[in-house]
**Q** 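Handing you this structure, nothing more for now.
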Amino acid sequence: MFRSHTCGELRIEHVGANVILSGWVNRRRDHGPLIFIDLRDRYGVTQIVFDQSAASQAHAGASEVRSEYVLQVQGQVVHRTPETVNPDIPTGTIEVQASVITIFNASRTPPLYISKDGGEEESLRLKYRYLDLRRQRMQENMHLRHRAVKYIRDFLDTEGFLEIETPILMKSTPEGARDYLVPSRVHPGQFYALPQSPQQLKQLLMVAGYDRYFQIARCFRDEDQRADRQPEFTQLDLEMSFVDQEDILNLIETLFTQLVTTLTPDKQVPTPFPRLTYTEAINRYGSDKPDIRYGLELVDVSDVLANTPFQVFQNALAQGGQIKGLCVPGGGQYSRKQLDELVLVAQSAGAKGLAWLALANEANTAPRSSFARFVSEEAIATLIARYGAQPGDLVLLVADTATVVANTLSRLRQEFASRLNLADPSVLAFAWVLDFPLVDWNADERRWDSVHHPFTAPQEDDIALMDTDPGKVRARAYDLILNGYELGGGSIRIHQRALQQQAFALLNIDAETAQAQFGHMLEAFEYGAPPHGGIALGIDRLIMLLNNESTIREVMAFPKTQQAADLMMDAPSPVDEKQLHDLHITLRKKK
RNA sequence: CGGGGCGUGGUGUAGAGGCCUAACAUGCAACCCUGUCAAGGUUGAGAUCGCGGGUUCGAAUCCCGUCGUCCCCGCCA
């Protein structure tokens with residue numbers, strides 16, 4: 001027997017029991033004739049005492065032991081005297097008087113401090129991930145992730161969903177993200193693609209009559225990484241037949257509300273989830289995934305400044321742009337240098353500049369401003385009123401195209417939320433973003449691209465616009481956002497061949513190409529495809545936000561670096577010539 | 001693809017032309033110590049300062065290049 005109890009288990013009621021514990025040496029405190037060892041496993045830490053006078057052989061063994069050695073200890077559970085109780089750990093009222101020690105394995109001096117958290121280069125953590133994962137923080141993240149996924153499975157099972165696996169070796173399509181490709185040995189010159197999502201297969205499962213499907217699906221996208229993006233990640237993927245948008249929104253809202261309430265009860269979830277249209281999100285926040293835990297909303301003042309001689313404003317409006325801004329409470333005290341730094345922030349987001357109006361703390365003192373001298377006092381007063389600016393506030397304006405204005409002010413909004421600590425870390429602010437456009441204009445390729453994907457249904461009222469004004473067509477699509485992150489999105493799908501072909505035509509996918517790439521979908525729609533729709537949600541991002549982590553790497557056991565490398569296994573790596581030969585691959589010479 | 005940050009004993013940092021024969025903390029090693037829980041004390045070992053080139057009488061420090069890693073832009077239907 002390796003152990004009778006875990007290292008997190010023993011309490012007062014076990015006093016007197018003879019126990020066996022196995023685990024890692026968290027810390028050793030050597031007092032000579034008396035040695036304390038904190039023995040650790042994933043359930044907790046228990047203090048073991050080695051007394052030379054009581055068990056000399058065990059004591060001798062303990063003096064050989066170092067951090068991260070793996071041990072088994074036999075001994076008796078004893079009370080700690082009141083003054084030696086450790087209130088910081090659950091097992092702190094007892095300790096184990098060791099009589100026998102067995103050293104299963106020694107350990108080199110670890111490059112990470114297991115019992116402390118963080119500080120070192122992340123690349124070191126990734127190289128020694130198996131040590132990093134021993135740390136309490138990572139164990140808690142993995143544990144929460146497990147419980148969240150289990151909660152989702154149980155919930156959807158109760159709701160009648162079937163979990164069905166779909167292939168990892170799939171077909172490449174030119175739409176969307178860059179594919180990870182897998183060469184075929186059997187079919188020279190041909191390739192599988194790893195799934196970016198199981199999109200088509202789940203729709204085909206609807207055609208097959210599995211009217212409530214879900215999957216905890218691994219997805220792969222060969223694009224550059226971010227703090228919230230990894231080359232492979234996990235989605236809750238689900239699809240339902242005979243439902244409308246409302247059914248899906250309600251299902252997910254119930255799932256996440258209950259999940260958070262159960263698993264992270266210290267978090268507040270405002271319900272019902274607020275709903276924004278895409279247009280409203282852009283207008284009010286400059287982003288289709290705003291963090292709505294704080295205000296700093298954008299206000300359009302194009303009309304107020306339309307007739308001012310300031311060239312910057314004039315030019316923007318003349319070119320069909322707009323003038324919008326936001327009000328920073330208490331920002332009126334910013335120094336000229338600090339304001340100049342804000343201009344740089346705005347420029348890094350794409351704006352040519354940033355106009356500012358800094359109100360003095362005293363109501364009667366004239367404001368400082370980069371543009372007031374071009375603008376009438378009356379207009380300034382209107383501006384202040386429009387923003388509800390108080391003495392001591394700062395109004396920032398961007399004049400440019402709608403896109404640049406939105407991007408810049410969204411960035412500034414985040415900047416000030418961070419500086420002023422406006423985002424409450426105990427709040428999970430879910431929200432739905434609805435009525436996305438079906439397509440947007442790709443100026444480079446001179447064609448319409450799907451905003452969501454080519455199978456997204458247009459809204460009934462807008463179908464006629466597909467021929468006349470495609471940019472105005474709203475999709476039956478929805479995103480779920482959380483604290484400024486896109487948690488996921490979905491749509492009601494097209495289930496009729498004719499409409500699907502119309503959609504392909506709009507996307508400039510000719511009949512031949514459509515047949516080659518999506519023929520199976522078109523054909524399936526001819527065999528009784530039910531109305532259906534679904535959603536896909538990022539599990540990694542969800543767990544990250546539940547535990548207030550700042551990157552999804554913290555909630556993945558073995559993540560990759562920004563260059564998509566695995567530092568522990570040293571992947572990717574070259575392969576044998578024989579393997580390449582079998583796959584009919586010749587490497588191009590380096591230039 | 002572009003912008004920015006970081007790279008110095010095992011780990012985290014300091015040093016910003018000569019005070020560097022590289023400092024501090026922690027870890028590591030040895031010894032002392034019977035109530036610690038970040039134990040304490042004494043002593044000691046451990047770094048050609050990511051790599052390559054250049055400037056200079058002299059480079060951890062300045063310049064160029066390169067590699068790794070992180071953040072952001074593009075990209076991510």
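In what follows, chains carry the letters A, B, and so on, assigned in the order in which the sequence lines appear, proteins first and then strands, with residues in each chain numbered from 1.
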**Q** Assign each of A:Ala177 and A:Arg28 to its nearest nucleotide of RNA chain B by heavy atoms, then name whichever residue's nucleotide is nearer the 5' end.
**A** A:Arg28

**Q** Considering only heavy atoms and no angle criterion, is a donor-acceptor pair shorter than 3.5 Å present between the side chain of A:Arg27 and the base of B:rC37?
**A** no

**Q** Categorize A:Arg125 for me: base, sugar-phosphate, or nothing, with a 4.0 angstrom heavy-atom threshold over every strand shown.
**A** nothing

**Q** For every nucleotide of nucleotides 2-11 of chain B, 5' to 3': is a protein heavy atom under 4.0 Å from its base (B), only from its sugar-phosphate (S), or from neither (-)?
**A** ----S---BB

**Q** Between A:Glu122 and A:Asp38, which is nearer to the 5' end of RNA chain B once each is assigned its nearest nucleotide?
**A** A:Asp38

**Q** Is the shortest side-chain N to carboxylate O distance from A:Arg553 to A:Glu122 below 4.0 Å?
**A** yes

**Q** Between the base of B:rG27 and the side chain of A:Arg66, is one N or O donor paired with an acceptor at under 3.5 angstrom?
**A** no

**Q** Quick one: do A:Asp340 and A:Lys337 make a salt bridge, cutoff under 4.0 Å?
**A** no

**Q** Between the base of B:rU34 and the side chain of A:Arg29, is there any donor-acceptor pair under 3.5 Å?
**A** no

**Q** Can you tell me which nucleotide in B:rC75, B:rU69, B:rC72 comes closest to the side chain of A:Glu223?
**A** B:rC75

**Q** Does A:Phe518 have its ring centroid less than 6.0 Å away from the ring centroid of A:Phe455?
**A** yes

**Q** Can you tell me if A:Arg226 touches the phosphate of B:rC73, counting only side-chain N or O atoms and a distance under 4.0 Å to OP1 or OP2?
**A** yes

**Q** May I ask whether A:His31 stacks on the base of B:rG35, given the cut-offs of 5.5 Å between ring centres and 30° between planes?
**A** no

**Q** B:rC6 and B:rC75: how far apart are their C1' atoms, nearest whole angstrom?
**A** 25 Å

**Q** B:rG53 and B:rC72: how far apart are their P atoms, nearest whole angstrom?
**A** 35 Å

**Q** Given A:His59, which partner from the list A:Ile101, A:Asp51, A:Ile35 fulfils the side chain to side chain contact (heavy atoms under 4.5 Å, CB included) test?
**A** A:Ile35

**Q** Provide, to the nearest angstrom, the distance between the CG atom belonging to A:Asn442 and the P atom belonging to B:rG74.
**A** 14 Å

**Q** Please find out if less than 6.0 Å separates the ring center of A:Phe525 from that of A:His495.
**A** no

**Q** For the base of B:rC75, is there a side-chain donor-acceptor partner from A:Arg221 under 3.5 Å away?
**A** no

**Q** At 4.0 Å (heavy atoms only), tell me whether A:Asp30 reaches a base, stays on the sugar-phosphate, or touches nothing.
**A** base

**Q** With hydrogens left out and only the distance checked, is there a donor-acceptor pair under 3.5 Å joining A:Gln47's side chain and the base of B:rU36?
**A** yes

**Q** Look at the side chain of A:Gln562 and decide which nucleotide, out of B:rC75, B:rC70, B:rG35, has an atom nearest to it.
**A** B:rC70

**Q** Checking all strands, does A:Asp224 fall into the base, sugar-phosphate, or nothing category for heavy-atom contacts under 4.0 angstrom?
**A** base

**Q** Hey, are A:Thr513 and A:Asp510 close enough side-chain-wise for a donor-acceptor pair under 3.5 Å?
**A** yes

**Q** Tell me which one of A:Arg40, A:Arg27, A:Arg108 satisfies salt bridge (charged side-chain N to carboxylate O under 4.0 Å, His left out) with A:Glu68.
**A** A:Arg40

**Q** Among the nucleotides B:rU36, B:rU26, B:rC76, which one has an atom lying closest to any side-chain atom of A:Lys116?
**A** B:rU26

**Q** Counting side-chain heavy atoms from C-beta on, which of B:rA38, B:rC37, B:rC70 comes nearest to A:Arg553?
**A** B:rC70

